[in-house]
Amino acid sequence: MAVWQRSADPPARPPIRQFEVAAAMLAETLEQVRLSPPKRTTYVRFALATLAVIVAFKTFWFARWGSWATRELADFDAFHIVAQRVWRGDLDQVYHFEALLKMQMEAAGGMTSFMPWTYPPQYALLLAPFAFLPVGIGYLLFTAATLALYLVTLRAISSANFAQVLVVLFPALAITIGCGQNGFLTGALIGLICLNVERRQWLAGLALGAMVIKPHLAIAVGLYLLATRRWIALATAALVVLTSSLLCTLLFGWQIWFAWLGSIRESASYLEQGFYPLFRMISAYAALYMAGFPASAAFWGQVAVAGLALLAALVGAARGLSSKFTLGVTVMVSVMISPYAYDYDLPILGIGLALALPDLVRMASPRERDVTYGLILLAGAYGLLQSARLAVQFGQKVDLDQHFAPAIGGFALMALLLLLLKLLWSRQRWPLVLSCRTESMDSA
């Protein structure tokens with residue numbers, strides 16, 4: 001049995017203290033990048049080069065080059081199918097899952113995993129031009145354009161913290177590229193809202209209105225704009241939604257809306273029965289459902305988390321915290337409200353982190369910042385690693401429904417939400433933010 005005794009050497013540090021030191025070292029390592037321009041340049045160049053390599057690789061994959069001729073369908077394949085239906089005049093059929101399954105099987109050349117379609121008709125209009133391109137070329141243009149828009153927007157928000165945010169967000173960026181999803185587009189739109197909400201509300205409103213393609217990811221930001229009385233932005237967004245809805249009605253008929261609502265009801269049934277790849281979801285519902293809770297309990301857990309997320313969006317504004325930090329927290333919790341949220345939606349969270357980071361460094365301890373970075377990394381990397389594991393273990397055409405994997409990403413974001421609420425409610429940390437805001441106003 002070990003005992004304490006006097007010695008010339010200092011006693012060994014307790015395990016908890018060692019953990020705190022390691023946490024501080026990790027947070028310091030990430031944050032020191034900002035202070036060294038050569039390091040920033042190296043990190044950014046390496047990250048961008050790696051992302052470009054992934055885009056090139058996946059372009060050949062989507063183009064069915066070589067051994068990938070008989071591959072499974074992925075998300076951009078579904079986008080391409082819907083784009084074709086716009087021009088064939090039967091877009092409403094993609095909202096009927098039995099008909100959509102036949103379309104996807106035809107595109108895959110046989111059996112394939114089913115991808116339900118619940119996007120509003122406005123998104124189909126946006127995708128329509130890609131129907132005239134081969135899938136591989138369409139994927140390249142869509143992914144390269146939205147990724148470039150996202151990175152430019154993220155750079156404008158994060159400034160000297162760009163390299164640090166890229167490192168923390170890298171797994172989420174990689175998996176978004178891998179499936180050809182629209183996370184870069186929605187992340188860029190949310191970023192444009194944040195960049196323009198103070199001085200160009202009409203432009204922020206245009207971006208908010210464009211989020212009609214994924215309205216559940218804009219709820220928190222919309223609430224923030226309402227709480228801070230950004231009436232021009234809200235009115236512009238409403239006008240965009242109404243105008244685009246009228247256009248869709250003229251092009252596709254009233255029946256398109258009934259078909260869309262029917263697909264939402266049917267997808268809710270799919271979610272309740274666990275037919276989606278829930279291990280890649282980042283919602284509280286998926287985390288609780290895969291942990292063994294009944295669907296009803298998981299749903300109410302999601303309701304509770306959504307309520308806390310919306311509370312976080314309001315607390316900062318009500319308490320007088322800096323607008324950038326409050327808006328950053330609002331954007332980060334945007335992905336925690338809906339039960340239907342995937343790892344490819346995490347680029348939005350990166351926008352929030354970039355906004356909040358300057359104040360986060362002052363408000364949070366090194367350990368809290370380390371936990372924040374780690375949770376975001378975990379949420380982004382978990383689905384990617386699990387997908388790779390299942391593919392290696394069971395083959396590229398693995399049926400994910402037949403192999404259990406917990407939804408760790410949802411637990412990571414629940415923990416992040418609690419940490420953000422703690423920071424928002426810690427009275428002793430308010431003066432730090434308030435004084436910084438006062439100093440910036442004085443200098444102006």
Side-chain angles (χ1 to χ4, degrees), residues 40-84 104 107-109 112-113 115 126-127 129-155 158 162-189 191 277 280 342-348 350-351 377 380-392 395-398:
R40 289 206 310 264
T41 302
T42 301
Y43 276 62
V44 170
R45 287 179 177 176
F46 179 78
L48 295 183
T50 306
L51 293 176
V53 170
I54 299 173
V55 171
F57 173 80
K58 293 302 294 188
T59 297
F60 287 109
W61 188 88
F62 274 98
R64 299 179 179 273
W65 185 75
S67 60
W68 294 312
T70 58
R71 63 170 175 81
E72 279 278 298
L73 296 186
D75 294 79
F76 188 79
D77 292 300
F79 295 173
H80 196 260
I81 291 170
V82 172
Q84 293 174 328
Q104 294 178 358
T112 185
S113 56
M115 293 177 287
L126 181 66
L127 294 173
F130 293 97
F132 299 101
L133 299 172
V135 175
I137 300 299
Y139 162 82
L140 176 61
L141 292 178
F142 178 82
T143 303
T146 56
L147 175 59
L149 177 62
Y150 176 77
L151 291 175
V152 169
T153 306
L154 183 66
R155 178 68 178 84
S158 57
F162 183 53
Q164 180 183 345
V165 176
L166 270 185
V167 171
V168 176
L169 205 63
F170 187 84
L173 303 182
I175 201 165
T176 305
I177 292 173
C179 59
Q181 256 289 347
N182 53 27
F184 299 135
L185 177 58
T186 54
L189 290 173
R280 283 194 50 202
Y342 275 97
D343 44 15
Y344 53 69
D345 294 316
L346 286 172
I348 288 178
I351 296 292
L377 280 165
Y382 177 76
L384 180 67
L385 295 176
Q386 280 288 9
S387 297
R389 179 188 69 82
L390 292 172
V392 170
Q396 290 293 329
K397 292 192 174 183
V398 57

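Sequence positions, counted from 1, serve as the residue numbers for this chain.
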With side chains defined as the heavy atoms from C-beta onward, is the minimum distance between Y139 and I177 less than 4.5 Å?
yes

Nearest-0.5 Å distance, CG of residue L126 to CZ of residue F142
7.0 Å

If you look at every heavy atom in P171 and G380, which pair is closest and at what distance?
CB-C, 3.7 Å

Nearest heavy-atom pair of I351 and G187: which atoms, and what distance?
CG1-O, 3.5 Å

Do Y344 and R280 make a side-chain contact, defined as non-hydrogen atoms from C-beta onward lying under 4.5 Å apart?
yes

Measure across G180 and T143 and return the closest heavy-atom pair with its distance rounded to 0.1 Å.
CA-OG1, 4.3 Å

Can any side-chain N or O of Q181 pair as donor or acceptor with the backbone N or O of D75 at less than 3.5 Å?
no

Minimum heavy-atom distance between G183 and P347, given as atom pair plus value
O-CB, 3.5 Å

Atom CD1 in I175, atom OH in Y342: separation rounded to 0.5 Å?
11.0 Å

Taking the ring of F76 and the ring of W61, is the distance between their centroids below 6.0 Å?
no

Looking at residues at least two apart in the chain, or sitting in another chain, which of them share a side chain to side chain contact (heavy atoms under 4.5 Å, CB included) with S158?
L154, N161, F162, V165, A354

Counting only heavy atoms not in W65, do more than 12 sit closer than 6.0 Å to its CH2 atom?
no

Looking at residues at least two apart in the chain, or sitting in another chain, which of them share a salt bridge (charged side-chain N to carboxylate O under 4.0 Å, His left out) with D77?
R71

Whether H80 side chain and L133 backbone form a donor-acceptor pair below 3.5 Å:
yes

Which residue, L185, L141, T186, forms the side chain to side chain contact (heavy atoms under 4.5 Å, CB included) with T146?
L185

Provide the closest heavy-atom pair for K58 versus G178 in the form atom of the first, atom of the second, distance.
CE-O, 2.8 Å

Distance col, row T176:OG1 vs L346:CG, nearest 0.5 angstrom, shows 7.5 Å

Straight-line distance of L377 CG to Y382 OH, nearest 0.5 Å
16.0 Å

Nearest-0.5 Å distance that lies between atom CG in L149 and atom CZ in F184
11.0 Å

For A174 and I54 the tightest heavy-atom approach is CB-CD1, 4.0 Å

Check whether any side-chain heavy atom of L140 sits under 4.5 Å from a side-chain heavy atom of F62, and report yes or no.
no

About how many Å separate CG of D343 and CD of Q386, when rounded to the nearest 0.5 Å?
11.5 Å

Are F79 and F130 close enough that their ring centres sit under 6.0 Å apart?
no

Indicate yes or no: at least one non-hydrogen side-chain atom of L166 is less than 4.5 angstrom from one of L151.
yes

May I ask you to check whether over 12 heavy atoms, not counting those of Y43, lie within 6.0 Å of atom OH?
no

